[in-house]
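So you know, we letter chains A, B, ... as the sequences are listed, proteins then strands, and number each from 1. Given the structure is predicted, the values throughout are model-derived calculations rather than measurements.
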Amino acid sequence: MSKLQPARGTRDIYGDEARGMRAVVDTFQRVAGSYGFEELATPIFEFTEVYKRPLGETSDIVSKEMYSFESSARESGDKEAEQLTLRPEFTAGVCRAFISNGMQQHLPCRFMSWGPAFRRERPQKGRYRQFHQINAELLGQDAPEADVDIIAMAWRLLRELGLGDKVVLHLNTLGDKESRAAYRNALVDYFGAHRDQLSEDSLRRLESNPLRILDSKDDADKALVAGAPLMSDCMNEDSKAFFEAVKTGLETIGVPYRHDERLVRGMDYYCHTAFEFITTELGAQGTVLAGGRYDGLVEQLGGPPTPGIGWAGGIERLAMLSGAGTSTLRPVIIMPMGDVAMQKAFEVAETLRAANHTVLTDRSGNLKKRLNRANKSNARFAVIIGDNEVTEGVAALKDLDTGTQNDVKFEQLVTIISSATGETS
RNA sequence: GCGGGUGUAGCUCAGUAGGUUAGAGCGCCAGCUUGUGGUGCUGGAUGUCGCCGGUUCGAAUCCGGUCACUCGCCCCA
């Protein structure tokens, strides 16, 4: 074990894991694209304010998990030092970009983003300090149909990743501002009257985020929660109608869900629809994709009042669950066996690459060794070129699956290999 | 941030009443086979036993600390 380790909670991503994560992103891009989402890549760090304000000063993310730093004014040549933060999530940055670029003129906006995010938490399986998310935001639509659309998109993505039966959609509503405030008060009243029975953690939540008490895992808390007021009791008519419309829409297009009255959100800016796709296969890190509506966020950041809804998915978690990642590449291996052949190999390799084949040239060792390596790389064809072949204008083309080998004229190599592998150029 | 577990070869793991050069399987390398593979046989290389310190004549083994991973809590994708 080397002394050189990556920083806690970070790691190097390669091999099957890298392939699996890339498959998640590729699928996301394709699916989100089919819903009209366009790429928006925001900076990996922003002014600290961008995250501090919307997430809420008291949230754990802001109060102890953000990687914040002050740029040195003198060394950077700036007039004064800047307070900066590595992004702990995507939504706030996307909204900031929306405002900065005056995008309210082009509503509705559909943005897809992906990349690393940073939170200083205790690492665990499926929980890293640098982790990766795919993110979708839909700005400028306040109708419940937008909620249905974006959840449908998530569901389609999950099914395309083969997770349709590994994941359950938990759905809830937090109501509009008025309803949410009323519910919060009701909870504070209720739990406040039972302070003596609350766990230490929940006592703290009573101050910071009372809604969070609802999903406490403490047994005593759970007993209390069972008798707690329900969101549905505190909702006004508008909020109820909104939620009904979302549920009806999901039923219409056949997205299965479970109404979970205990589902809440970590971030302050959420209202109305909240949802999480949850699996039981990843231990404590069961939430694989989650999101909700945030109608007040853009305004809070100083932009024009703009409704929004979005979600984020954990790429590591999705990749772990879907198990994708095994390489399916079937390269063609060129094996030059002499000085003249060595030169010819370049030409053959380039021609094949131009026709969309993955081509490697193996120049070392005897033929036996090279064929052995070719097997391990899952190659389909070996092109053996010796000096005598070059003078005759042919290469020995060996099909590694069947073991058959034929002399093929150089001009015909591409055609024959392409038709065998189904590659169209 | 809190509590529990683990840390021996590239990988999966044996190995503790403390005792010569620390093991297996897989993988890797070479040979049997001077330009024809996957099986087989033979041989070979590789470890500061996570790190630092302590106890001891002697530590992979006992003790303390530390780092990393892992499970749960917290939080959350």
Side-chain angles (χ1 to χ4, degrees), chain A residues 1-11 15 24 55 58-66 88-91 114-136 154 167 199-202 204-205 208-209 212 215-219 221 264-267 275-279 282-292 310-321 333 335-338 341 362 365-379 381-389 396-405:
Chain A
M1 198 71 64
S2 164
K3 284 177 187 170
L4 269 183
Q5 294 176 330
R8 188 159 158 82
T10 68
R11 69 218 194 290
V24 170
L55 292 173
T58 58
S59 71
D60 274 42
I61 293 184
V62 170
S63 61
K64 48 193 181 196
E65 293 177 0
M66 294 203 308
E89 58 119 31
F90 281 70
T91 306
W114 58 91
F118 307 83
R119 295 212 285 244
R120 197 174 185 289
E121 304 177 278
R122 175 91 167 241
Q124 244 174 70
K125 181 176 187 158
R127 193 172 87 179
Y128 307 97
R129 290 183 169 188
Q130 175 177 333
F131 58 105
H132 300 78
Q133 291 190 328
I134 46 176
N135 187 269
V167 121
S199 69
E200 209 175 305
D201 282 327
S202 288
R204 186 175 46 74
R205 292 182 182 113
S208 61
N209 191 350
R212 273 282 171 205
D215 63 3
S216 171
K217 282 157 192 161
D218 182 89
D219 284 338
D221 286 351
V264 294
R265 295 281 68 188
M267 274 70 118
F275 59 93
E276 289 186 17
F277 286 88
I278 299 176
T279 176
L282 291 179
Q285 276 65 243
T287 300
V288 119
L289 186 155
W311 53 253
I315 297 177
E316 285 90 347
R317 293 181 188 180
L318 289 166
M320 263 189 270
L321 253 196
I333 315 284
M335 303 179 182
M337 301 306 293
D362 188 346
N366 57 34
L367 235 206
K368 175 189 168 71
K369 241 181 257 181
R370 300 191 208 188
L371 284 166
N372 225 316
R373 281 193 286 259
N375 277 326
K376 278 165 194 152
S377 66
N378 196 31
F381 285 107
V383 179
I384 302 161
I385 310 174
D387 289 351
N388 49 337
E389 274 98 342
L397 178 63
K398 188 175 183 78
D399 183 324
L400 293 168
D401 287 351
T402 62
T404 57
Q405 179 174 332

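- With sequence neighbours excluded, the residues forming a side-chain contact (heavy atoms from CB on, under 4.5 Å) with A/A290 are A/R265, A/E276, A/T287, listed by chain and number.
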Study note, to complete from the structure: Once base and sugar-phosphate atoms are separated, protein heavy atoms under 4.0 Å mark nucleotides 29-42 of chain B, 5' to 3', with B, S and - as -S--B-BBBB----

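- Checking side-chain atoms of A/R119 against main-chain N and O of A/P88 turns up a donor-acceptor pair under 3.5 Å.
- A straight line from CD of A/E200 to C1' of B/C2 spans 10 Å, rounded to a whole angstrom.
- At the heavy-atom level, A/A312 lies under 4.0 Å from the strands shown only through sugar-phosphate atoms.
- Look at the P atom in both B/U33 and B/U12: the space between them is 37 Å, to the nearest Å.
- Using Watson-Crick or G-U wobble geometry with both donor-acceptor distances under 3.5 Å, B/U56 finds no partner in any strand shown.
- One interatomic measurement links the two molecules: CD1 of A/I278 to P of B/C75, which rounds to 15 Å at whole-angstrom precision.
- In this structure, A/R8 reaches the B/A68 phosphate: one of its side-chain N or O atoms is under 4.0 Å from OP1 or OP2.
- Between A/L400 and A/L371, the closest side-chain pair of non-hydrogen atoms falls below 4.5 Å.
- The C1' atoms of B/G72 and B/A30 are separated by 50 Å, rounded to the nearest whole Å.
- Summary of the strand contacts: A/E316 and A/D201 both lie near RNA chain B, and taking for each the nucleotide with the nearest heavy atom, the more 5' one is attributed to A/D201.
- The environment of CZ in A/R120 is sparse: at most 12 heavy-atom neighbours from other residues, nucleotides or ligands sit within 6.0 Å.
- Separating the C1' atom of B/U20 from that of B/G44 is a span of 24 Å, rounded to the nearest Å.
- Summarising the geometry, the separation between CZ on A/R127 and C1' on B/C71 is reported as 11 Å, rounded to the nearest angstrom.
- Base engagement by A/G126 is indicated by at least one non-hydrogen atom pair under 4.0 Å involving a base atom.
- Across all strands shown, B/U16 remains unpaired; no Watson-Crick or G-U wobble contact has both distances below 3.5 Å.
- Rounding to whole angstrom units, CD of residue A/E121 and P of B/C73 are separated by 13 Å.
- Nucleotides B/G7 and B/G65, compared at atom C1', are 16 Å apart to the nearest Å.
- Each of A/E276 and A/R204 was assigned the nucleotide of RNA chain B with the nearest heavy atom; the assignment lying further toward the 5' end belongs to A/R204.
- Nucleic acid contact class of A/G286 (heavy atoms, under 4.0 Å, all strands): none.
- Atom name P, nucleotides B/C51 and B/U8: the rounded distance is 10 Å, in whole Å.
- Among B/A77, B/C2, B/C69, the nucleotide with an atom closest to any side-chain atom of A/R122 is B/C2.
- Ranking B/C73, B/A77, B/C2 by closeness to the A/Q124 side chain, first place goes to B/C73.
- A distance of about 13 Å separates the C1' atoms of B/C2 and B/C75, rounded to the whole Å.
- Nucleotide B/C2 holds its C1' atom 15 Å from the NZ atom of A/K217, rounded to whole Å.
- Under a 3.5 Å cut-off, the side chain of A/E121 and the backbone N or O of A/E65 do not form any donor-acceptor pair.
- The separation between A/R129 atom CZ and B/U70 atom C1' is 15 Å, rounded to whole Å.
- Between the base of B/A77 and the side chain of A/R119 there is a donor-acceptor pair shorter than 3.5 Å.
- Remark: side-chain polar atoms of A/D362 are not paired, donor with acceptor, to backbone N or O of A/M335 under 3.5 angstrom.
- In this structure B/C69 sits in a base pair with B/G5, meeting the Watson-Crick or G-U test at under 3.5 Å.
- Using a 4.0 Å cut-off, no side-chain N or O of A/R120 falls inside it from OP1 or OP2 of B/C75.
- Look at B/U21: it lacks any Watson-Crick or wobble partner with both distances under 3.5 angstrom.
- At distances below 3.5 Å, not a single donor-acceptor pair connects side-chain atoms of A/R212 with backbone N or O atoms of A/V264.
- Residues A/P336 and A/R370 meet the side-chain proximity criterion, which asks for heavy atoms closer than 4.5 Å.
- With sequence neighbours excluded, the residues satisfying side-chain contact (heavy atoms from CB on, under 4.5 Å) with A/D218 are A/S199, A/S216, A/A220, A/D221.
- Using a 4.0 Å heavy-atom cutoff across all strands shown, A/F90 reaches no nucleic acid atom at all.
- The same atom, P, is picked in B/C74 and in B/G50; the two are 33 Å apart, to the nearest Å.
- Contact annotation: A/R205 side-chain N/O to B/C74 OP1/OP2 distance is under 4.0 Å.
- Here, B/A14 and B/U6 have their P atoms 12 Å apart, quoted to the whole Å.
- Look at B/C28: its Watson-Crick or wobble partner, with both distances under 3.5 angstrom, is B/G44.
- Here B/C73 presents its C1' atom at 10 Å from CG of A/D218, a figure rounded to the nearest Å.
- A/R129 places no side-chain N or O within donor-acceptor distance of the main-chain N or O of A/T10, the cut-off being under 3.5 Å.
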